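Quick caveat: nothing in here was measured; it's all calculated off a predicted structure. In what follows, chains are A, B, ... by sequence order, proteins preceding strands, each numbered from 1.
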Amino acid sequence: MKAIIVLSGLGVLALLAELFRFRKILYPLVLIGLAGAAATAISYVWYDDASQWTALMKNMISFDPFAIMMSSVIIITALLWLLSAQGYFKDETTRTDHYALMLFALTGAVILTCYSNMVMLFLGVEMLSIPLYVMAGSRKDNLASNEAALKYFLMGAFATGFLLFGIALIYGATGTFDLGELATFVNSSKTGMGGIFHAGIVMLLVGLLFKISASPFHFWAPDVYQGAHTNVTAFMSTVVKTAAISGFARLFGSSILIKDYEFWAPLLACCAGLTIIVGNVMAVNQNNVKRLLAFSSISHAGFLLIAVVTGSLKGVMFYAAAYSLASLAAFVVLQIIQNHSGDDTIERFNGLGKRSPLLAFTLTLALLSLAGIPVTAGFFGKYYLFMQAFKTGHAWLAVIGIIGSLIGLYYYFRIIIAMYFREAPADAKSAPAANDLQQLLLFITALGIIVIGIMPDLLLNLQP
Amino acid sequence: MITALLIGLPLLAGILTLFVKGAGAKRIALGATVLEFLLSLVVFYMYRQNPDDSNLFMLTPWITAFGINFHLELNGIALLLVMLTTFLTPLIILSSFGREHKNPSLFYSLILFMQMALVGVFVAHDGFLFYIFWELALIPIWFICLMWGEGKDVGKITFKFFIYTLFGSLFMLAGLIYLYYHSPENSWAWENLVAGGQSLTVGQQSMVFWAMFLAFAIKMPIFPFHTWQPDTYVSAPTSGTMLLSGIMLKMGTFGLLFWLMPMTPKAVDKWGMVAMVLCVISIVYASCMAIVQKDFKRLIAYSSIAHVGLIAAGIFAFNVQGVEGAVMQMLSHGVNVVGLFLIVDIVSSRTGTRELASLGGIRNVNPQFAVLYLIVLLGAVALPLTNGFVGEFLLINGVYQYGAWMAAFAGLTIILGAVYMLRSYQAVMLGNTNSITNGFTALQAHEKTVLFVIAAAILILGVYPKPLLDVAEPAVLDLIGSIKAGI
Amino acid sequence: MIQYAWLIPLLPLIGFTIIGFGGKKLSKSLIGLLGSGSVLAAFVMSVLIFTNVHEGDKYIVKVFDWFSAGSLHLDFSFIIDPLTCLFLLIITGIGFLIHVYSTGYMHDDEGFHRFFAYLNLFIFFMLLLVMGSNYVLMFVGWEGVGLCSYLLIGFWFKNTAYNNAAKKAFIMNRIGDLGFLLGIILLFVTVDSLSFADGGVLDKVSAVGRSNHGTMELAALLLFIGACGKSAQIPLFTWLPDAMAGPTPVSALIHAATMVTAGIYMIARSQVVYTMAPMAMETVAIVGALTAIFAATIGLFQNDIKKVLAYSTVSQLGLMFLALGVGATTGAVFHVTTHAFFKALLFLGAGSVIHAMSGEQDIRRMGGLAKKIPITHATFLIGTLAISGIPVLSGFFSKDEILAHAYEHNPVYWIAGIIASVMTAFYMFRLYFLTFKGKFRGTHEQEHHLHESPKSMTIPLMVLAVLSVIGGFIGIPHLFAHDAHWLHHFLGFGDILTLSTDTEWALLVLTLFVVGVSIYAAYRAYVKEGRLPAEKEEQLNPVQRLIYNKYFVDEIYDTLIRKPLDWISEKFYQIVELQIIDGVVNGVGAGVKWVSSVGKYAQSGSVSFYVLAMVLGAIAIGLIKLW
Amino acid sequence: MSTQVIPIEWYITLSALLFSVGVLGVLFRRNAIVILMSVELMLNAVNLLLAAFSTYHNDPKAQVFVFFIMAVAAAEVAVGLAILIMIYRNIRTTDVDFLNKLKW
Amino acid sequence: MQHLTLTHVLFLILSAVALLSGLMVVLNANPIRNVLLLIVCFFAIAGHYVLLNAQFLAAVHIIVYAGAIMVLFLFVVMLLNLNKETEPTRPAWEKIVAVIAGGIFCITLVGALRAADTMPMPDAKGMDVNIGLVNRLGATLFDEFLVPFELSSALFLAAMVGAVLLGKKSSK
């Protein structure tokens with residue numbers, strides 16, 4: 001809860017900067033603020049005063065272990081993201097607005113990790129989405145950015161309708177918005193849930209699946225990711241994705257609807273499989289690395305869904321953390337290349353291994369992690385999910401995951417091959433280089449990928 | 001503890017090498033691998049003294065949530081394969097001394113990482129750890145093949161190699177997870193997985209068997225999962241090819257022997273025949289392929305498939321002779337194939353071609369090379385008193401006990417092996433020199449050293465293989481006992 | 001003494017090592033000395049051991065544990081018994097003579113040192129073969145001599161034809177070796193031992209063989225396949241004539257006297273197995289008889305002096321197998337011995353002729369050499385007489401014993417033997433007459449160069465000639481002396497002839513008569529009428545052409561085996577390997593790519609479509625889950 | 001007026017129909033503004049449903065929820081219209097299918 | 001089925017108006033008319049709220065939707081000078097596809113809900129007619145829903161900032 005207060009306060013503070021003219025120091029200020037938020041979020045791991053908030057907040061939010069872990073992951077990811085995103089806040093006149101939007105989105109993201117009432121789910125989704133619509137369109141004169149904003153907004157609003165209809169139907173069937181009461185209602189029902197409730201679940205699922213860009217509701221994602229500013233894309237594919245999946249997992253990964261598991265689990269499982277396959281297959285032929293990463297992020301949403309279906313909140317957390325680290329690193333390198341060459345096609349990565357060995361190495365590491373090669377964090381994440389899938393009798397899902405990973409290898413390795421095997425383009429100027437903050441970020445992510453990969457216990461045993 | 005040192009030493013040396021520029025890198029790499037070899041000799045000695053020496057054993061919790069331990073243990077078979085790894089790696093490094101590699105520090109550190117992973121695969125006693133090392137071995141070799149490979153399709157070929165082997169190993173992972181969930185304790189320890197596997201029904205075991213078989217069959221490779229291999233061997237740099245064929249391939253056979261057979265004995269009993277037939281087809285088929293190859297390196301690549309098919313057949317025979325023969329042949333094949341690929345490298349780097357048709361008469365200008373080649377060749381065709389014979393004899397013996405017809409077909413390798421090997425020897429060495437070969441220069445010191453060591457190893461192992469077999473025998477008997485008990 | 005038996009193979013090995021490593025740095029005389037000396041020393045050792053071995057003795061000299069796996073224990077140890085002793089003497093004795101001969105014959109060859117290294121290595125392996133105290137060690141020698149044979153046939157490695165001949169020899173041998181190996185394994189699987197020591201494989205076979213009748217038949221046949229390869233029997237005989245590509249001393253040593261008789265040694269050693277396997281025995285006899293006749297017919301039409309001898313060797317080996325097949329093990333070994341003498345003599349004599357003729361090997365270009373090279377001529381004549389079975393010479397006794405046994409077993413075999421003998425006498429005398437009688441038919445230059453060979457070559461010829469004359473007395477039959485058959489007692493195979501003396505005499509006379517007629521026919525044709533073999537193939541009638549071309553066996557093998565194998569392999573490579581198996585693998589990848597390249601159009605860029613897809617997705621879910 | 005006389009199913013059906021009309025609007029039209037309006041229609045269907053359930057469950061929470069929906073809808077409309085205006089400035093149309101450069 | 005009361009008739013009339021005007025919004029090609037028709041629809045919905053005893057909600061609905069949101073729409077439509085001529089229309093086949101898809105969706109949704117088990121009528125005695133009154137709502141909103149209430153202010157702030165950010169002309 002404290003994190004929410006800090007973040008929204010920080011958002012207001014950012015707006016005030018315009019008035020009181022401390023725009024210049026806003027960047028360090030937000031960094032520190034985010035660090036503070038991260039610290040408060042993660043401090044619950046050791047100082048458990050989270051439960052008292054729940055009552056105080058009238059059961060609107062609940063900082064259970066999952067919420068603590070996920071919000072920590074999200075805020076830390078955002079903090080890391082900020083290290084790379086100085087370029088996004090370049091424009092003097094709109095800087096404060098962008099900070100505020102980002103921070104409000106982050107607030108929404110944190111709400112999604114800890115909501116325990118449908119109202120909060122709805123508010124969280126909207127608080128996350130509305131600033132994002134704007135962020136996607138932040139390059140106002142750029143048609144691609146416009147298109148991204150339009151598509152994102154229209155489809156997002158449309159999906160919100162489904163989400164709300166679902167919530168309304170569930171309310172109609174159970175008479176409550178509160179997740180705790182909902183759980184009691186579902187678990188105590190003797191005859192099983194009726195059609196209204198199921199219709200609500202389906203509608204709710206449609207809305208949420210859209211948010212995590214699961215197939216067949218994924219179509220917006222590649223276009224939006226491609227059109228948005230690369231920093232924004234990085235934000236969307238890490239922070240937003242993690243938030244969306246935790247919003248999802250709070251409902252479907254926990255025990256709330258477990259009595260009704262037979263109804264929605266097969267559906268989710270199918271969606272997970274479909275998402276993995278679609279995301280990976282579609283990425284195969286992409287030449288635009290940004291778009292490629294977008295499809296890759298779709299496929300990872302599928303993997304995250306496996307974790308949800310198998311009811312493994314820890315799996316969600318671990319996978320999301322691992323994925324965020326790797327994805328962030330990949331996007332940062334992409335952004336550096338893009339800034340350097342003004343283009344984000346795969347050819348721009350040619351010969352990077354020679355021109356900027358460190359960038360290439362980090363990107364390789366990130367891609368290996370995304371591909372799930374030992375001993376990276378991504379591998380253990382996948383491994384975790386496969387374990388869970390086997391445990392809960394979803395072996396076929398694990399097999400699809402395996403096949404998906406293999407297809408995934410193809411495009412991840414295309415980039416690696418381009419970096420190390422292809423000659424640099426003739427018009428390549430100087431070597432692209434990361435600035436200090438980006439270097440710091442890349443170092444942290446690379447370290448994180450390896451350390452978590454080698455010692456997953458560090459994360460897994462972090463029990464609040 | 002000392003086993004962990006076997007893993008740690010190459011890792012540290014690899015990291016060190018990464019930061020050394022220029023020629024220093026290869027010297028450090030060579031020094032480290034020689035040191036590693038000496039260390040493995042110490043381990044060998046310790047093991048001979050007392051196989052249960054606690055210094056050879058290591059168990060540290062790693063990922064507690066899943067009962068995964070950093071669990072290293074040596075048995076005779078693993079020890080021999082570790083020895084093979086530590087013996088061959090310095091030779092491989094030394095043999096590359098004549099080559100100017102771009103970015104040598106990366107090259108040699110990758111080789112060292114590779115060694116680390118390979119040793120790890122053989123000493124891991126925890127299923128998960130085994131899998132980790134298994135995959136870890138893949139990355140350095142992939143980079144070696146990619147960055148220092150030759151030909152215009154390197155990217156494509158190495159990628160195929162990578163994805164194909166990973167395809168298999170992911171199914172192995174699936175199989176291992178399945179075993180884990182059916183094992184009595186919450187542990188990935190080998191014994192526990194064996195217990196889990198053996199408690200399964202035939203149907204379940206069959207599923208696990210095929211999933212894991214796929215991984216090993218691809219790695220070795222055996223028919224019909226072999227098509228990645230010739231291309232990869234041909235396009236990889238010689239050191240990479242040596243690593244792949246000399247050591248990495250043994251991961252497959254080792255896995256088959258140690259991680260598959262005891263886990264799924266009933267399935268082995270039920271499906272062993274099918275696997276055996278695949279192995280035998282592999283032998284004959286690959287031999288026939290080798291006969292018609294026009295490219296020297298590709299010929300050797302196919303010969304490797306034929307040999308490994310026989311090894312796998314011996315394993316599936318699961319009797320003492322077959323398995324010990326397989327162990328022996330793993331060692332022999334490792335040594336021989338490294339020698340053969342070095343020969344290919346020597347020839348192709350001096351003449352600029354690997355086309356058999358355009359070579360010939362090298363014996364006229366470099367008789368010493370011819371003799372060394374001949375010795376390696378004899379090892380490869382399993383002439384008695386070379387290392388190849390002991391293994392092959394035991395293997396055919398073992399396969400015979402499984403099925404006489406199998407042995408008859410498997411034994412065709414004796415004939416066909418001679419056909420393609422002699423053909424290559426004749427095409428390269430005999431006859432008159434031509435414009436390409438008449439300027440064939442003398443062997444360089446490092447090449448000579450490596451070939452001498454290999455030739456010596458071929459002869460010594462052929463004349464006196466007893467110590468090695470003695471080391472392997474208890475482990476083999478254990479394994480076979482465990483398999484037979486599980487049926 | 002016997003405990004030092006390991007010195008016998010070691011000595012040539014040392015010789016090989018020194019010569020091999022010393023290479024060209026050593027002088028030729030030193031090499032000759034070392035090479036011959038080491039074999040001589042081995043010979044001396046063999047003699048010493050021989051004097052200590054009596055019939056029925058069996059000593060095992062263990063050197064070290066070789067390897068073991070499960071119940072399979074193999075020692076690196078040597079067996080010393082009468083059979084081995086006899087072979088030791090033949091190998092080291094004749095080997096020594098041929099080494100000496102080679103110092104002269106190969107003197108001007110640039111590969112002199114190499115030659116001696118190979119020869120010594122060969123002696124080593126050959127000794128290992130006959131001394132190995134278990135089947136596997138025998139197999140070591142067995143393959144080792146094959147290797148040396150390969151190296152020596154292809155000694156002049158610049159010549160592609162020679163290389164091919166060498167390769168062919170090795171591969172055909174390997175076909176046999178596979179059979180041998182499987183036979184060994186079958187024996188092991190059946191009786192769980194491979195050692196020749198007491199209580200080893202042979203004893204066990206005699207104990208359990210009766211109850212494992214079929215297994216023993218199979219084992220015997222498999223072993224026989226090995227023998228066929230090594231000893232050039234139908235169908236694996238074609239490599240031997242080609243093997244004449246090697247230097248002549250090699251032909252004498254390896255392809256006449258020693259290596260090719262390894263098959264006989266092996267079957268003699270495995271006699272116990274064969275006595276359990278009557279069908280296999282019959283097979284051996286039939287194959288032997290067929291080979292004897294078949295090769296002899298080819299010999300009738302050959303014009304190359306060494307080829308004639310080669311086919312003669314095949315034919316004689318066939319005779320030996322016939323002997324083995326009818327149970328005359330002693331006879332076979334006896335013939336091995338005498339054959340070693342006279343065939344080595346003939347080959348060396350041929351070498352001397354070739355030496356004199358400056359490398360010419362075609363007998364149509366020779367003639368009238370008797371006066372030019374008298375020693376060669378005289379010794380060659382002795383050899384020819386011996387092989388034709390003229391009384392008192394060695395070949396007479398051994399051949400007689402075989403024929404008598406054959407008759408005893410089944411007269412048909414006897415007839416086969418007679419036919420072979422008659423033809424042998426004919427083509428050998430044809431060879432002799434054409435070479436040494438009549439007028440010289442070579443070029444003027446060759447005539448000018450004609451000269452007798454140096455002492456190093458003629459002395460071995462003379463020694464061998466003496467042996468060819470007297471060698472038969474070790475096995476002189478009962479007909480001529482009471483209690484005479486020393487070899488029989490010494491070897492102790494117990495294959496006693498039970499024919500009546502009258503029958504034996506009758507057979508003897510009949511044989512002599514037909515052989516005499518045959519020799520006369522040759523004399524008439526090639527001396528009196530002065531006929532010459534046709535210069536061109538076209539002058540022959542179809543039957544002759546068929547035989548002249550060796551029944552086209554090589555071509556048939558080529559068409560039936562090699563070409564189809566190549567063709568199938570090539571097709572498999574092009575179609576199955578590249579198209580199907582790899583095609584499937586690549587096809588999967590390409591399929592994914594294709595799906596991706598088509599599927600991407602679903603991502604049409606139009607929001608309307610996306611919304612539609614979303615609604616359709618919702619409909620689908622609704623229909624599946626709610627209806 | 002007494003509410004209980006109208007069965008709740010009627011309201012559910014009405015909401016479903018209204019929602020479907022909204023969906024149809026989104027599918028049918030190309031004008032972004034009208035699409036946005038259709039979305040509003042969908043949201044109103046939800047509001048109606050919630051209000052009906054509120055009465056049915058005798059629970060004011062659902063009505064409060066409706067307030068939130070209204071508020072958020074307003075915010076969404078504000079942002080959406082801003083986006084539309086921004087785009088209109090660039091491409092002079094509100095046709096949603098005009099911008100389809102990002103694809104494949 | 002009960003006897004049709006006035007309430008039922010009112011319900012049906014309001015429903016018909018809402019659905020028809022909604023459909024017209026979708027089908028009519030003139031944006032301005034669309035806006036006006038949507039307002040009609042909203043009024044019909046407000047009528048439903050009144051029928052449901054949610055008077056305050058009805059009032060707020062009118063004020064927010066008809067008064068604010070739709071005016072905003074109207075404003076934008078005017079600002080951009082949209083009319084029937086500028087209205088982009090779909091090709092016929094796309095329209096057919098849209099109608100079919102929408103129809104199927106409608107059938108699926110309605111069918112799913114109709115097929116669902118009929119919900120029992122709540123106990124009439126327990127009915128509290130006052131829940132729609134402002135004091136009850138206020139008590140709920142500012143007590144139980146205080147947190148979302150506060151957060152929605154942040155949401156508004158974000159939306160406002162965003163709208164301004166995008167809506168104003170770029171400074172360049």
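- Interface remark: C:Ile580 contributes no atoms to any contact with chain B (heavy atom separation under 4.5 Å).
- With a 4.5 angstrom heavy-atom cutoff, B:Val381 touches chain C via backbone and side-chain atoms both.
- Of all heavy-atom pairs between C:Ala69 and B:Glu324, the closest is CB-OE1, 3.5 Å.
- For a residue to count as touching a neighbouring chain, one of its non-hydrogen atoms must lie under 4.5 Å from one of that chain's; by this rule C:Phe64 touches chain B with the side chain only.
- Contacts of B:Ile480 with chain C are absent, with no heavy-atom separation under 4.5 Å from either backbone or side chain.
- Using a 4.5 Å cut-off between heavy atoms, B:Ile291 touches chain C through its side chain atoms alone.
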Query raised in the report: Stepwise, does the side chain to side chain contact (heavy atoms under 4.5 Å, CB included) test hold for B:Leu385 with C:Trp66?
Result: CA-CA 10 Å; B:Leu385 294 193; C:Trp66 189 20; 4.2 Å; yes
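- Among the candidates B:Met328, B:Met429, B:Arg423, B:Gln293, the residue making the largest number of heavy-atom pairs closer than 4.5 Å to chain C is B:Gln293.
- The candidate from C:Leu218, C:Val576, C:Leu578 with the greatest count of non-hydrogen atom pairs under 4.5 Å with chain B is C:Val576.
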Query raised in the report: Would B:Asn364 and C:Phe157 satisfy side chain to side chain contact (heavy atoms under 4.5 Å, CB included), going step by step from the backbone distance to the final call?
Result: CA-CA 9 Å; B:Asn364 292 307; C:Phe157 58 83; 3.0 Å; yes
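- For a residue to count as touching a neighbouring chain, one of its non-hydrogen atoms must lie under 4.5 Å from one of that chain's; by this rule C:Leu128 touches chain B with the side chain only.
- Between the CZ atom in B:Phe393 and the CG atom in C:Leu194 there is a gap of 5.5 Å [rounded to 0.5 Å].
- Neither the backbone nor the side chain of C:Val584 comes within contact range of chain B; no heavy atoms are under 4.5 Å apart.
- Ion pairing between B:Lys466 and C:Asp75 fails under the 4.0 Å rule for side-chain N and carboxylate O.
- Only the side chain of C:Asn586 comes within less than 4.5 Å of a heavy atom of chain B; its backbone N, CA, C and O stay farther away.
- In this structure, chain C has heavy atoms under 4.5 Å from both the backbone and the side chain of B:Val463.
- Distance alone, capped at 3.5 Å, is enough to place a donor-acceptor pair between the B:Tyr285 side chain and the C:Glu577 backbone.
- Of the listed residues B:Pro467, B:Pro465, B:Ala404, the one with more heavy-atom pairs under 4.5 angstrom with chain C than any other is B:Pro465.
- Side-chain contact between B:Ile415 and C:Phe170: absent, with no pair of heavy atoms (C-beta onward) separated by less than 4.5 Å.
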Query raised in the report: Going through the checks in order, is the side chain to side chain contact (heavy atoms under 4.5 Å, CB included) test met by B:Leu430 and C:Lys167?
Result: CA-CA 11 Å; B:Leu430 306 181; C:Lys167 195 168 69 181; over 6 Å; no
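- Counting only heavy atoms from C-beta outward, the side chains of C:Trp142 and B:Pro384 never approach each other to under 4.5 Å.
- Across B:Val292 and C:Glu570, no two heavy atoms sit closer than the pair CB-OE1, 3.3 Å.
- Residue B:Tyr302 touches chain C through its side chain alone, counting heavy-atom pairs closer than 4.5 Å.
- Proximity to chain B is limited to the side chain of C:Leu181, based on heavy atoms less than 4.5 angstrom apart.
- Of the atoms belonging to B:Ala408, heavy atoms from both backbone and side chain fall under 4.5 Å from chain C.
- Proximity to chain C is absent for every atom of B:Leu477, based on heavy atoms less than 4.5 angstrom apart.
- Taking all atoms of both residues into account, the shortest heavy-atom contact from C:Phe572 to B:Met289 is CB-CE, 3.3 Å.
- With chain B as partner, the option from C:Leu565, C:Leu222, C:Ile185, C:Val585 having the largest number of non-hydrogen pairs under 4.5 angstrom is C:Ile185.
- The candidate with the highest count of non-hydrogen atom pairs below 4.5 Å against chain C, out of B:Leu383, B:Asp231, B:Val320, is B:Leu383.
- With contacts defined as side-chain heavy-atom distances shorter than 4.5 Å, the pair C:Phe67/B:Leu394 qualifies.
- With a threshold of 4.5 angstrom between heavy atoms, B:Ile163 does not approach chain C through any atom at all.
- Heavy-atom distances place no part of C:Leu137 under 4.5 Å from chain B, backbone and side chain included.
- Of the atoms belonging to B:Asn319, not a single heavy atom falls under 4.5 Å from chain C.
- Listed here is the closest heavy atom pair of B:Pro224 and C:Ile581: O-CG2, 3.3 Å.
- Atom CZ of B:Arg298 is separated from atom OH of C:Tyr573 by 4.0 Å, given to the nearest 0.5 angstrom.
- Residue B:Gln368: no heavy atom, backbone or side chain, is found under 4.5 Å from chain C.
- Residues B:Phe389 and C:Phe139 place their aromatic rings such that the two centres sit under 6.0 Å apart.
- For the set C:Gly589, C:Ser68, C:Ser71, the count of heavy-atom pairs under 4.5 angstrom toward chain B peaks at C:Ser68.
- Heavy atoms closer than 4.5 Å to chain C are found in both the backbone and the side chain of B:Ile414.
- C:Leu151 touches chain B through its side chain: at least one heavy atom from C-beta onward sits under 4.5 Å away, while N, CA, C and O do not.
- For the set C:Ile171, C:Val588, C:Leu74, the entry with the most heavy-atom pairs within less than 4.5 Å of chain B is C:Ile171.
- The side-chain heavy atoms of C:Arg174 and B:Leu412, taken from C-beta on, include no pair separated by under 4.5 Å.
- Using a 4.5 Å cut-off on side-chain heavy atoms (C-beta onward), C:Tyr150 and B:Leu422 make contact.
- Within a 6.0 Å sphere centred on OH of B:Tyr464, other residues, nucleotides and ligands contribute more than 12 heavy atoms.
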